[in-house]
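What's counted below: heavy atoms across the whole structure, side chains too, no hydrogens, waters or symmetry copies. To find a chain, count down the sequence lines: A is the first, B the second, and so on, and within it residues start at 1.
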Number of protein chains: 2
Amino acid sequence: MKINPNDATTDLSAQIATAIRDAIVSGQLIVDERLPSESELSDQFEVSRSTVREALKRLAAQSLIRTQRGAFGGAFINRISFEEAYGQQITTSTLLLSMNAVSFDVACEARFAMERACAPFAAQRRTADHLATMRAEIHCQAQPGLSDESWCASDVSFHRALVDAAQNPVMSYQLAGSVEAMQPLMNMITFTARNRETIIRLHSKIANHLDNKEAEKVEAVLVTLSDYTKTLAYDVIAAKQKQNDG
Amino acid sequence: MKINPNDATTDLSAQIATAIRDAIVSGQLIVDERLPSESELSDQFEVSRSTVREALKRLAAQSLIRTQRGAFGGAFINRISFEEAYGQQITTSTLLLSMNAVSFDVACEARFAMERACAPFAAQRRTADHLATMRAEIHCQAQPGLSDESWCASDVSFHRALVDAAQNPVMSYQLAGSVEAMQPLMNMITFTARNRETIIRLHSKIANHLDNKEAEKVEAVLVTLSDYTKTLAYDVIAAKQKQNDG
DNA sequence: GACTTTTAAATGTATGACAAATGAAAATTA
DNA sequence: TAATTTTCATTTGTCATACATTTAAAAGTC
């Protein structure tokens, strides 16, 4: 692991973080291995302890290391779990959508397309637990007087259950961003009682088809749901436009 | 933005980073807005400048802020681009796969399922550029004496072109991890000349079907390719097993 | 007016000190 | 001896201060 102290264009702490990150990704440093102490690292890289610390904090922010205080403590290579990765994925996806003015259509298209890709596996592997979760959420969604926020949260839970039913952690991870990051966008849409009824009907169909292991029918409903969601968004945006003009 | 200095369980720098991150995600801090200087922040949070700096480095590691030196410099909220996010996505995905002993089948299934989800849009929106890229990669793959590494790199480029042809940046982002993180796993498989021929034939079919905007046929080939890849992996693993036993 | 120099402000780095946590080892006790 | 307590060295977390470096605005110069 080497850095270039003469490279004035990059911070030393960034260079050190990159060097260690590369060592982790390439497998030179393995899970639960202990890095040298901050003092030792500052000797090795010939920088101050502050600089080393800033580098380590960068790595900690990416869940690449964890630190422990006390004797025999130090920085350890962290086994990054799917659970941990979800959070980062959701944060990044949320910001990508909000900061890059991604249109509702584009986000919606991506979400339902990838969810549809889960359908065949979900139909094949769903357990009673998955179905129970989905039906519980449908029941929750049918409650009158449910706030828009709670409705959306339940909607997210329903779709997460669908994705999780595919029992492929890689797909669950990839989709975590798509599904959860959409929530703020979905909140834009005010769900009238009428809209909710329609969506609940579609959710019920999905649960039933999944119960019967009919993948194609699940996919078909997802397409309908996608189209309907886009229509809703279109109407809301049009109404706002009209309001602005008038 | 507040922190709890009495919470002994969490580092102050982590608390501060979280406070600022939440402000960014919730939209209280907007793109290109300048954070207070490190001195001002250390006054506000009543911590030392070092602690503030460690918090800022955490945020910088997630591309949430960028810093600029000099007068009128400082830390600015960064507009995180899809490009930037790709890199993080690939790093995280790679580590998720390697550290969690994700089986080849699971990774492969996720990759091709999501790629298949792109097919309808790719067939509809592919440009001459996309087709040209794909055909160039096919030509590259047909070169005799191509190293396994180069072959895999070309394979990744081909599939990235397919995903990009869908012209949905959200899907491209989500899939970046799946496709690129698979490369080390794919490298496990030694591609004989015979194998390459088969894959090139399938790649050519994909390009042709995409040219003709025949989405269903593209999907069918992807399924074939997925199955074939899994078979190859299975054989390689079986051969290694046999080698170990004998 | 165009160019150069100065200057103030900000981040980057270094050093030293102390606090707090922690687990091993040593000392103590039953 | 076995269990418990205390000591202690190590390591991270935090703070304070100093100086280097960068940068763009402001002042000065031709």
K.L.:
So that I can tick it off, tell me whether B:E54 and B:R58 are bridged by a salt bridge, with the cut-off set at under 4.0 angstrom between side-chain N and carboxylate O.
P.N.:
no
K.L.:
So is B:R160 actually on top of B:Y86's ring, under 6.0 Å and inside 45° of the axis?
P.N.:
yes
K.L.:
Please determine whether a side-chain nitrogen of the Lys or Arg among A:R125 and B:E109 lies less than 4.0 Å from a carboxylate oxygen of the Asp or Glu.
P.N.:
yes
K.L.:
Check the pair B:Q167, B:R126 against side chain to side chain donor-acceptor pair (under 3.5 Å), reporting the backbone distance first and the verdict last.
P.N.:
CA-CA 8 Å; B:Q167 302 209 47; B:R126 91 286 180 285; over 6 Å; no
K.L.:
How long is the line joining CZ of B:R66 and C1' of D:dT23, in whole Å?
P.N.:
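Value for this atom pair: 15 Å.
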K.L.:
Find out whether B:F45 and B:L12 are in side-chain contact, i.e. whether some heavy atom of one side chain is under 4.5 Å from a heavy atom of the other.
P.N.:
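Not in contact.
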K.L.:
Once each nucleotide of nucleotides 7-16 of chain C is scored for protein heavy atoms under 4.0 Å, what B/S/- sequence comes out, 5' to 3'?
P.N.:
-BBBBBBBB-
